[in-house]
Asker: 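Please see the structure below; I have some questions.
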Amino acid sequence: MKKIISLVLVVMMCFCVFAGGRKETSTTTAVKVVPAEELVSKSLIDPVKDWAKYDAMVKQIKSETDYAKRTQLMHEAEDVLMANYCVVPLYYYNDIYMQKPYVSGLFANAFATKFFMYGKMSNGAKTLRINLASEPDYLDPALNSSVDGACLAANSFSGLYTYNAEGKTVPACAEGYNVSADGLTYTVTLKKGLKWSDGSALTAADFEYSWKRATAPETAADYEYMFSGFDGYDDGAINVKATNDTTLVFVLSAPCAYIEDLMAFPTFYPVCKAYVEANSTADQPGAWCTEAGFVSNGAYVCTEWKHDVSMTYKKNPYWFNADQVTIETLEFMLSADDTAIFAAYNAGNLDFADAVPTDEIAKLLADKNEEFHIVDELGTYYAAFNCKSKLFEGKTTAQAACMREAFSILIDREYICENIGQTGQVAANAFIPLGMADGNGGIFKSDATKEGYFDPYAINNDPKGTTDRARTLLAAAGYKFDAEGKLSAETPIEIEYLTNQSSGHIAVAESMQQDLAAVGIKMTIQVQDWNVFLQERKQGNFDFAREGWIADFNDPINMLEMWTTESGNNDCQYGR
C-alpha cells in the first residue's frame with residue numbers, strides 16, 4: 001500500500017501542475033460527524049469504571065460446566081474485550097530460530113517454550129551455546145511472565161507435568177493422578193526419591209508450599225490468577241494439601257479441561273522453601289534466584305551469571321531423568337541485539353539463536369537455509385493502549401473507543417506480515433489466535449476475515465473507504481481536519497509508542513508511524529531496554545506500546561483471564 005500511495009501522490013502533483021496550480025478554496029475536509037455511540041459495538045463497556053462486568057464474565061466461564069455454553073461465553077467475553085480497541089492485534093505468531101545442523105533433539109511446544117535437556121550434538125561437543133534474549137527479568141517461576149524466562153524455568157525446574165516433543169503433556173515429577181467422579185478433587189502421586197539440586201529431598205509438601213506462595217499477596221505473582229479455578233481461591237487460601245511425601249491433593253471449584261497444562265506451567269513449579277526463605281526479603285520475594293547457585297529441581301542448575309553478558313547452566317545429577325541428559329552445559333549469550341546475535345551464530349559462537357534480523361530473513365528463505373526454522377505458535381503480536389492514558393481525557397467511553405478503532409484500521413497489517421515478518425504470519429483482527437481449541441472439541445476461530453472484528457486487509461482493499469472511516473471515527477471523538485484530510489492544528493494527536501530493542505519491533509513501529517500519518521496522527525517511537533520496558537508496561541507508564549502474548553495453554557480462557565482487573569498481565573490497566 002505504501003508504494004501505491006507514493007505513486008498516487010506523484011500523479012496528483014502532476015495533475016496540479018497541468019491544472020495551472022489551482023489553489024484550494026476550502027480550508028477543511030468535510031467529514032460527516034456521527035455520534036460516537038452510533039459507531040461502537042453494543043458490547044462496549046467503560047474499560048475503567050465498569051470492568052467488574054468483564055471480571056464477572058471470566059469468573060462465570062471458569063465455573064461453567066456446560067462446555068458448549070462455556071465456548072459461547074468466551075466469544076461474548078472477547079466481544080467485550082475487543083469493543084474498546086485498547087488491544088490492537090497485528091498478526092498471529094509463528095516462531096523463527098537458527099539451529100546448527102549438528103544439533104538435534106531440541107524441541108518447543110506451541111507456547112514457545114524451548115526444551116534443551118534431550119538435545120544431542122553430533123560434533124562431539126558437550127556444551128550447547130544459546131541465545132534466547134537479553135538479561136532475564138525473573139528466574140523465580142512464580143514471578144516470571146516472559147517467554148525467555150519460561151524457557152529458562154523449563155530447563156532448570158520440573159513441575160508435576162511437562163511437554164514432550166509432540167507437544168503433549170506427560171508426567172514429570174508426577175507418576176500420575178486420580179480424579180474424583182465430579183471432576184473436582186485430584187490426587188497426584190509423585191515419583192519416589194525426588195531431590196533438589198543440593199541433594200535434599202523434594203516432597204509433595206514442596207508443591208503445597210510453592211502453590212500457596214504463588215497465590216500469596218506478598219509474592220505479587222503476575223500469574224497468581226492461574227489458581228483462580230481452585231477451591232478456596234476467593235477466600236485467599238487455595239485448597240491444596242500434601243497428605244504424605246508422595247501424595248498431593250488439590251480441589252477445584254469447577255472441572256478444568258486443561259489441568260495438565262496448568263501442572264506443566266512454570267507458576268506451578270516447586271521452589272525449595274528452606275532456600276527461598278533464607279535468601280529472600282519481604283520486599284524482594286524473588287531475591288533468592290537473582291544470582292547463580294540457587295537451588296532448583298530441573299535438568300540443569302545455574303552455576304554462573306555475568307549479568308547482561310552470559311549465564312551458564314550445568315547438568316543437575318539429582319534430576320529424576322539425568323541419565324537421559326547428554327549435553328552437560330548450557331551457555332546463554334544475553335543480548336537483544338539481533339544483528340550481533342546473528343553475527344555470533346554465523347561466526348560459530350552460537351549453536352542456537354532465537355532471533356533473526358528482519359533484513360536477513362528474505363535471503364534465508366531464498367537460499368532455503370536448512371538452519372533457519374519456522375514453527376507454528378498459538379499467540380498474537382499486538383499493540384496496546386493504556387485505557388487510562390491522558391490521550392483520552394475528556395472523552396466519553398464511546399469517543400475513546402472510536403479514537404482507538406481509527407488507529408487500528410489505519411494499520412497496514414499486510415505490509416507488516418509480508419515485509420517485516422516475512423515468514424507466513426497472518427494478519428490479525430482478534431486477540432484470540434486462529435486455530436486455538438474452543439474447549440468443546442472444536443476450533444474457536446479459523447478464518448481471520450470472516451470471524452474477527454474488522455477486515456484486516458481493508459486498508460489495502462479499500463484505502464479511501466478505510467481512511468474515510470478513520471476520519472469519521474476521529475470526528476466522532478471531536479477531531480477536525482484540514483484541506484488535506486489531516487488532523488487540523490486545532491485538534492492534533494501526538495502519541496508515543498513504547499517498544500523494546502529489536503530490528504523487527506522497531507520496523508513494525510515505523511510502519512505504523514507512517515500509516516497513522518495518513519490522517520495526521522504524529523507518533524514518536526521510544527525504544528527501551530527489555531527489563532525497563534517490561535516494568536513500564538506493567539506499571540501503566542505508557543500511552544501506546546508493543547505487546548505480544550503467546551498462549552500458556554490451548555484454551556481461550558488463557559487469552560481472556562489475563563485482562564481481569566487484578567491480573568498482573570493486565571497492561572492495558574483495565575478496571576484500575
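Quantities reported herein were computed from a predicted structural model and do not represent experimental measurements. Scope of the values below: all heavy atoms of this structure, side chains included, with no hydrogens, waters or symmetry mates.
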Asker: If you round to the nearest 0.5 Å, how far is NE2 of H307 from OG of S134?
Answerer: 13.5 Å
Asker: Does any N or O in the side chain of T219 come within less than 3.5 Å of the main-chain N or O of R213, such that one atom is a donor and the other an acceptor?
Answerer: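 Judged by distance alone, yes, a pair lies under 3.5 Å.
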Asker: Assess the side chains of D261 and Y163: does a donor N or O sit below 3.5 Å from an acceptor N or O?
Answerer: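 Y163 and D261 do have a side-chain donor-acceptor pair below 3.5 Å.
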Asker: Please report the closest heavy-atom contact between A427 and P456, naming both atoms and the distance.
Answerer: CB-CB, 3.8 Å
Asker: Is a donor on one side and an acceptor on the other found under 3.5 Å between the side chain of T466 and the backbone of A458?
Answerer: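 Side chain of T466 to backbone of A458, a donor-acceptor pair under 3.5 Å: yes, one is there.
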Asker: How far does SG of C572 sit from CD of E547, to the nearest 0.5 angstrom?
Answerer: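 Taking SG in C572 and CD in E547, the distance rounds to 6.5 Å.
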Asker: Do K59's NZ or CZ and the ring of Y233 fall within the cation-pi criteria of under 6.0 Å and 45°?
Answerer: no
Asker: Look up atom CG in L330 and atom OG in S156, then write down how far apart they are to the nearest 0.5 Å.
Answerer: 9.5 Å
Asker: Got a donor-acceptor contact below 3.5 angstrom from the E451 side chain to the S446 backbone?
Answerer: yes
Asker: Below 6.0 angstrom between ring centroids: does that apply to F385 and F407?
Answerer: yes
Asker: Within the distance-only criterion (no hydrogens, no angle test), does the side chain of Q425 pair as donor or acceptor with the backbone N or O of N94 below 3.5 angstrom?
Answerer: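 No, because the side chain of Q425 does not come within donor-acceptor range (under 3.5 Å) of the backbone of N94.
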Asker: Indicate whether the side chain of Y225 and that of N569 have a donor and an acceptor atom separated by less than 3.5 Å.
Answerer: yes
Asker: Does atom CG of D529 have more than 12 heavy-atom neighbours, drawn from other residues, nucleotides or ligands, at distances under 6.0 Å?
Answerer: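 Incorrect, the count does not exceed 12.
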Asker: For the residue pair Y497 and H505, is the inter-centroid distance of their aromatic rings smaller than 6.0 Å?
Answerer: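 Between Y497 and H505, the centre distance exceeds or equals 6.0 Å.
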Asker: Counting distance only, does the side-chain N/O of N429 pair as donor-acceptor with the main-chain N or O of F454 below 3.5 Å?
Answerer: yes
Asker: With side chains defined as the heavy atoms from C-beta onward, is the minimum distance between P136 and L334 less than 4.5 Å?
Answerer: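 Yes; the side chains approach each other to less than 4.5 Å.
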Asker: Using 30° and 60° as the class limits, which term best fits the ring planes of Y91 and Y93: parallel, tilted or perpendicular?
Answerer: perpendicular
Asker: Keeping T491 on the side-chain end and Y479 on the backbone end, is there a donor-acceptor pair under 3.5 Å?
Answerer: no
Asker: N155 side chain to C151 main-chain N or O, any donor-acceptor pair under 3.5 Å?
Answerer: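 A pair under 3.5 Å: yes.
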Asker: Going by the rule side-chain hydrogen bond (donor to acceptor under 3.5 Å, both in side chains), which residues pair with D359 if we only count those two or more places apart in sequence or in a different chain?
Answerer: none
Asker: Which pair of heavy atoms, one from G540 and one from N386, lies closest together, and at what distance?
Answerer: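 Scanning both residues completely, I find the closest heavy atoms to be O-ND2, 2.8 Å.
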Asker: Should the pair Y382 and F431 be assigned to parallel (<30°), tilted (30 to 60°) or perpendicular (>60°) ring geometry?
Answerer: perpendicular
Asker: So, applying side chain to side chain donor-acceptor pair (under 3.5 Å) with Q72, which one of K69, H75, R70, E76 is it?
Answerer: E76
Asker: Taking atom CZ of R469 and atom CG of L410, what is their separation to the nearest 0.5 Å?
Answerer: 11.0 Å
Asker: Under a 3.5 Å distance rule, please check whether N554 uses its side chain to pair with a backbone N or O of A437 as donor and acceptor.
Answerer: yes
Asker: Please assess F352 against F116 for the test ring pair (Phe, Tyr, Trp, His ring centres under 6.0 Å), listing each intermediate value before the final yes or no.
Answerer: CA-CA 10 Å; F352 181 95; F116 302 116; 5.6 Å; yes
Asker: Between D515 and Y415, is any side-chain donor less than 3.5 angstrom from a side-chain acceptor?
Answerer: no
Asker: Testing the basics here: between A220 and L143, what is the closest heavy-atom pair and its distance to 0.1 Å?
Answerer: O-CD2, 4.0 Å
Asker: Enter the distance from T290:OG1 to L139:CG here, rounded to the nearest 0.5 Å.
Answerer: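 CG of L139 is found 8.5 Å from OG1 of T290.
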Asker: If I compare all heavy atoms of D412 with all of I459, which pair ends up nearest, and what's the gap?
Answerer: CA-CG2, 3.7 Å
Asker: Looking only at heavy atoms, which two atoms of A214 and A221 are closest? And how far apart?
Answerer: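 Shortest heavy-atom contact: O-CB, 3.5 Å.
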Asker: Hey, do the aromatic rings of F207 and F250 have their centres closer than 6.0 Å?
Answerer: no
Asker: Give every residue pair that meets the side-chain hydrogen bond (donor to acceptor under 3.5 Å, both in side chains) criterion with at least one member in residues 37-48, sequence neighbours excluded.
Answerer: D46-T397
Asker: Donor-acceptor pair, distance only, cut-off 3.5 Å: does the side chain of D338 make one with the backbone of T358?
Answerer: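 Side chain of D338 to backbone of T358: no pair is present.
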Asker: Just one of F553, F157, W211 clears the ring pair (Phe, Tyr, Trp, His ring centres under 6.0 Å) bar with F268, so which one?
Answerer: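 Single pass found, and it is W211.
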Asker: Identify the two heavy atoms, one from D95 and one from K114, that lie closest to each other, and give their separation to 0.1 Å.
Answerer: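 For D95 versus K114, the nearest heavy atoms are OD2-NZ, 2.8 Å.
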Asker: Go through N84 and Y574 one step at a time and tell me if the side-chain hydrogen bond (donor to acceptor under 3.5 Å, both in side chains) criterion holds.
Answerer: CA-CA 10 Å; N84 60 60; Y574 291 130; 3.0 Å; yes
Asker: Give, for atom CG of L252 and atom OG of S228, the distance between the pair rounded to the nearest 0.5 Å.
Answerer: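 The distance works out to 10.5 Å.
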Asker: Has R546 got its NZ or CZ under 6.0 Å from the middle of the six-membered ring of F533, at an angle within 45 degrees of the ring axis?
Answerer: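 The answer is no, since R546 fails at least one limit relative to F533.
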Asker: Within the supplied structure, the quantity of interest is the number of heavy atoms (other residues, nucleotides, ligands) at a distance under 6.0 Å from D376 CG; does it exceed 12?
Answerer: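 It does not: D376 CG has 12 such atoms or fewer within range.
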Asker: Name all residues meeting the side-chain contact (heavy atoms from CB on, under 4.5 Å) criterion together with D137; count only those two or more places apart in sequence or in a different chain, and write none if there are none.
Answerer: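 D137 satisfies side-chain contact (heavy atoms from CB on, under 4.5 Å) with N531, L534, Q535 only.
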Asker: Are there over 12 heavy-atom neighbours, none belonging to K522, within less than 6.0 Å of that residue's NZ?
Answerer: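 Count not over threshold, so no.
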Asker: Establish, yes or no, whether a centroid distance under 6.0 Å links the rings of F265 and F111.
Answerer: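 They do not qualify: ring centres at least 6.0 Å apart.
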Asker: Stepwise, does the side-chain hydrogen bond (donor to acceptor under 3.5 Å, both in side chains) test hold for S146 with D148?
Answerer: CA-CA 6 Å; S146 66; D148 57 301; 3.0 Å; yes
Asker: Treating T267 as the side-chain partner and Y223 as the backbone partner, does any N or O pair qualify as donor plus acceptor under 3.5 Å?
Answerer: no
